[in-house]
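For clarity, every value in this text was computed on a predicted model and none was experimentally measured. We name chains A, B, ... by the order of the sequence lines, and we start the count at 1 in each one.
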Amino acid sequence: MRFGVIRFPGSCDETDAVLACERVPGCSATLLWHGDADLHGVDAVVVPGGFSYGDYLRVGAIARFSPVMESVIAFSEEGGLVLGICNGFQVLCEAGLLPGALLPNEGLRFLCRQVDVEVVRSSMPFTADCFPGERLSIPVKHTTGRYYAPPAELESLHAHGQIVLKYAAGHNPNGSLDDVAGVTNQAGNVLGLMPHPEHAVDPLTGSRDGLKLFLSMAHAHG
Amino acid sequence: MTRARVLVRPKAGILDPQGVAVERALPALGFSGVANVHVGRLIELDVEDPSQLQAMCEKLLVNPLIEDYEILEDASA
Amino acid sequence: MTRARVLVRPKAGILDPQGVAVERALPALGFSGVANVHVGRLIELDVEDPSQLQAMCEKLLVNPLIEDYEILEDASA
Amino acid sequence: MRTVDRALALGLTEAEFALVCAKLDREPNEVELAVFSLMWSEHCAYKHSKKLLRQLPSEGPRLAMGPGENAGAVTVGDGYVLAFKVESHNHPSAVEPFQGAATGVGGILRDIFAIGARPIAILDSLRFGDPESVRTRYLLDHAVGGIGHYGNSIGVPTIGGEVYFEGPYEQNCLVNAMALGLARADGLIRSAASGVGNALILFGAATGRDGIGGASVLASAELGEEDAAKRPTVQVGDPFAEKKLLECSLELLDRGLLVALQDLGAAGLSSSSAEMASKGEVGLDIDVSRVPLREAGMEPWEIMVSESQERMLCVTDPETVAAVLAVCEKWEVHGTVIGSVTEERVLRVLDGDAMVGEMPVEALVDDCPLYDLTPSPPTSALYPAPPCVLGADVTDPREILLALLASPNIASRRPLFEQYDCIVQSRTVRRPEQADAAVLAMPGGGAIAVSIDGSGRRVACDPYTGTVEAVLECTANLACCGAEPLGLTNCLNFGNPEKPHIAWQLTESIRGLADACRALEVPVVGGNVSLYNESGGGPIYPTPVVGMVGELPDAARAGRSGFAVAGDLVGFAGPFRPSLPGSELAKLRGEELPSSLPPLDIAALRAAQRAIFEAVRAGALASAHDVAEGGFLVALAECCLAGGVGAVLDLGATDDLERTLFGESPGSGFVVSGSPDALAAVGELVDLDVFGTIGGDVLDVTSGRARVVVSLDDLRGAHSALAPLFP
Ligand SMILES: Nc1ncnc2c1ncn2[C@@H]1O[C@H](COP(=O)(O)OP(=O)(O)O)[C@@H](O)[C@H]1O
Ligand SMILES: [Mg+2]
C-alpha cells in the first residue's frame, strides 16, 4: 500500500508522517506537493501537522484551497481513506470534509504534552487494530485544538458513532467539547484528530501506540 | 478603490477564552465596570468592487460555524 | 453601559505577515482588485466609563510598539 | 549637522571617525557613514572582545568548521556533521519580548542553514528578574511565547534550555538561543564570495525599515532613557517566511547551484555583503534599486542597513541564475539579482546608475580598531545581597528542601517547556525533565546529547571558577546521558566592558572558559558576545552561557535522570566537595555573594564524569543525575519526581548536615541507581557510596539523628511553584 502525505508551505510534520507510514510492513509513502492536483495514484492520503500557509488568518483556512485539496476532496468522495492530523484535521474541517471546527485552546497557549487517548470506536478503518476503550499514549502539540460543533451536530456525531477518539479522563489538554480528540465523517473514510499518532511509532522516541492507526489503515486497504 | 473593514467576532455562545482573559485582566489593572468582552479579528483592505466583500467573507475570511462578521465600507476614506 | 469596539492594527511599516497571506490568497480564489490588506484584532466590550477606554488600550489591549488602535464607541447599541 | 557629529550620534568615536576618513581618503557620504558605523559597532566588530577570544581553543579531531563562519560544526559519524551556535537577542527582547525572542530564534536558525545544515533543534537560555514582579512575568511570558511561536511554526523542536531568576536581570533580561543543524559532511557551504562576474542574489522577504540601526546599535549601547525612541525599530518575525527560506536554501544547495551562502543578520545587507567579500578576497557591486522593498521611498542607506528578517544572500554562476530563481519561485520567496562579484576588493553601492557608496572591504571588516581592556577587580561588592526569603532560623531540612524545590531557580520548568514542540522531526529520545541533557537520535543509530548552562550568580562570585563550573555542569549533564563532549559554543553576556571591573569579569571568565576547554579537550566552535547589558539598576551578573554537544554510541541506551526500578540501589558518585556560600540556599537566606568559589580540580572531575558516561552508555546504570542547584537533597528529590517513585536512604552521620544536604559544587557529584553489581562495578572507577534503595512513595533520608520524610505529592506540590506564572 502507498500512502501520500501532503506538503503545504508551512507543513512541519510531513516527514514524520512519511516515516510513520513506512514503519507499516509492506507500506511506502510519498510526499504530495500542494500545488500539484495529481495524487499520483496513492491508496490513502495523510494531511499532516504544521502551520500550513503560516496558519495566518485562521488555522487551515488558506490550505483548503490549494490544488491538491480539490483532489483530496474528490478522493474522499470515492471512499478513499484520508487521515488529517492536527493542522490536517483543521484543514479537513475548513474544507468541509469533517464536521465542526477547532478553536484556540482554553489555556490560549501552545501545549506539547503526552496524553492518553481512548478509542471510542474500533469498528472502522482507522482503529480496527485497537480494541474499544483501549488507551493510547500519544502526544498533542497545538494552540488551536479545542474541538467544537454546535450542540445539535455534536448529538448527531455521538448518535452516528462519528466520535472515534476521546481524551481520557483528566487528559483533555484544550477544553474540547465532550473530550473529543478525533472525529470521522459519516461514511467513516475520513478521520481527523488533534493528537499526533505519527509521533508515537517508536518506543525510542516515546511510544508506539500511534502506529496502530497506520496499521489499521493498511489492514483496511487489504 | 474602497477601503473596507471586516469585523469578525466569535459567535455568541461559544467560549471565547481570549475575551475571558481580557475581562479578568482589566480589573487587576484598576479598570472596573467592564463586561462582555470578546476578542475577534479585524481585516482591513482596499477593494475595487465592494460588492465582492460578502463573498470574500463567506469563502475565506470567516468561518460561519464559529464566527459572525460585519462589513464596514469606506470606513476611513 | 456603553458598547465599544477597539480596532487594533499593525503599525504602518511593521511587517504584517497575516495581511500578506490574505492578500495572496484572495486572487487565487478569483477575487481580483484587492490591495493593502492588513489583519488586526477586534475587541468588543461593555464599559461603564468610556473615558477609560484609551487607558485600557494603552495599558493592556494594544502593544503600542507595533500596533495602532482606534476606539469606536456605542458602535452597535 | 557636521559629518563628524553624525558619526558620533551613530556610535563611532572621534578617533574611529578620523580613521574612517583616512581609510577613504575623504569624509564618508551618508551611505558610507551608515555602513561604517554599523560595521564598526561592537556587535559587528567585536572591538572589545576579539583579542580575548583568541585564547579560546578551537582545534580538535572532530572539528568540521571552527569559528569564523556563521556556525561551527563537528563530525558525528556516518558522514554527517552537526552545526551549532548560540546567540543573544537581549536588547530586542527587553524592548518587545515576544518579537525580540522570536526573531532571536529566527536569526540563529538562519546561521545554521546558512552553512548548509538543516536545523534539527533549538535550546533557549533565559535570565529574568524576580518572578514576583509584574514586569518580569510579562517579559518571561512573552519571550517564551515568542520562542515557541517561531520554533513551533517552523518545525524545529525546542528540546531544552534553562532559565534563572536573579535581581540584576530585572531591567536587562537575557534571551539567548542555541540552534543545531545536521548536514552531510560534503554538504557544508561557506560564505566566501568568489568568481569575478558571478551574480549576487538576494532572496527571501522584502526589505522594509525594520530595525534600522536596531540590533547593532541596541546591542552596542546601554539601555537608557531614550529606549522609547528606539522602539519603532521593532522587527516582526515571520516563521512561515523563514520556513520557505530554509527549504529554498537547502534545495539550492542540494542542486549544487550555489558558490556561497550567507544570512542577513545585524546590519543587514551591509555586513553580510562585506563579510562575503572579505572572506572571498573579492569586491561586490550592489544595486540597491533592485532590492525588493516593502515600503516605498526607502533611501539607499536605509536599504543597506535594514534588518528586515528572513533574508539570505547567495553567489551563483551567471549560467545558473535562472535555475536559482526558479527554485525561489517554487518556494514563493523573492529572488533578485542585486549585484555581482568584482575583482577589486571594494564594496560599491549603486542606486541604478548612480554610485552612492564606495568602500574598501578590508576597511569595513578588518580595520576597525580593536581595544585592550583595562581590567581591575572590584574592591567592594558589585552586587547587593539577594533579598532574604528564608529566615536563618529555618533549619529543619525538610522545610529547607521544600523551600528550595519551590524556589524560582529550581522549580519545574514544565509550564515553560510545554509551550515548545520538543518532538517534531522524530529524533527526540530524551525530552525535558527526562534526563539532564536533551538527547537526539542520529542517522546511524547513535545519538547526541545537548546541554546549555551558566549560572550568572556564581560567575559574579568568581568569574574564573564560575565559568569553569558552567563548562563542567554542561559536561556533567552530558555524562548523565552517556555522552562524551564533542564541542562547545558560548554566548558571553556582560555589562559595559569599558568599565574596569566589567573588563575584569570578562577577562577572567574567558580565561576560565579557555582553561576548562583545554583541560577537557573540547574545542570552541563558535559563539557570540553581548556587551553593555547595563541599566540604571547596574550591570547584569556576568553571564557566560555555555552550550555543549556530546555523543553516545547507542541512542537506546541514553541515560535518564529519574529513579527507574523499584528495588535498585541508590549510590552517590564523584569527588563532591560541596560548599554553601553562593548556593541557592545562601541566596534564599539573603546572604552576600562570596568573593570567591572553591577551586575545582578539572582533571579529577573529568575522570569522574568519564566513569559516569561509560557506565551509562554501557547500560549499567538505570539512572544518573548530577547534583546542581540546591545540592544533594534537591537532586535526590528530582530523581524521585522524574521517576515517580520514592527512596529510602541512610547517609550516615555527617559533621555539617546543611553543607552535606544543600551545599553545591557543580559538575562533581552524581546520584546514580542500578543493580548492586552495577554499582559495585562503577565504584571501581569513581568514589561511590551506596546509600539506600528505590521504592515507595516517600523520599526518606536519614543522616545521623536527622531524618527527612517527604511524600512524593508534597515534593510535586513544591516543585510546581512556577505554574501560577502561566495562568
Ligand atoms: N564567544 C565566542 N566564542 C567563540 N567564537 C565566537 C564568540 N563570539 C563570536 N564568535 C565567532 O565570531 C564570528 C562572528 O560572530 P557573529 O558576528 O555573531 O556572526 P553572525 O553575524 O553570523 O551571527 C562567528 O564565527 C562566531 O562564531
Ligand atoms: Mg550569520
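- Remark: C:K11 NZ is packed, more than 12 non-hydrogen atoms of other residues, nucleotides or ligands lying under 6.0 Å away.
- Contacts with chain A (heavy atom to heavy atom, under 4.5 Å) involve these residues of residues 21-33 of chain C, listed by number: C:A21, C:V22, C:A25, C:L29.
- Within residues 65-97 of chain A, the residues having any heavy atom under 4.5 Å from a heavy atom of chain C are, by residue number, A:F65.
- By a heavy-atom distance cut of under 4.5 Å, A:Y56, A:L57, A:I62 are the residues of residues 37-64 of chain A near chain C, going up by number.
- Interface with chain C: from residues 142-178 of chain A, no residue qualifies, criterion being any non-hydrogen pair under 4.5 Å.
- The environment of C:Q54 atom CD is sparse: at most 12 non-hydrogen atoms of other residues, nucleotides or ligands sit within 6.0 angstrom.
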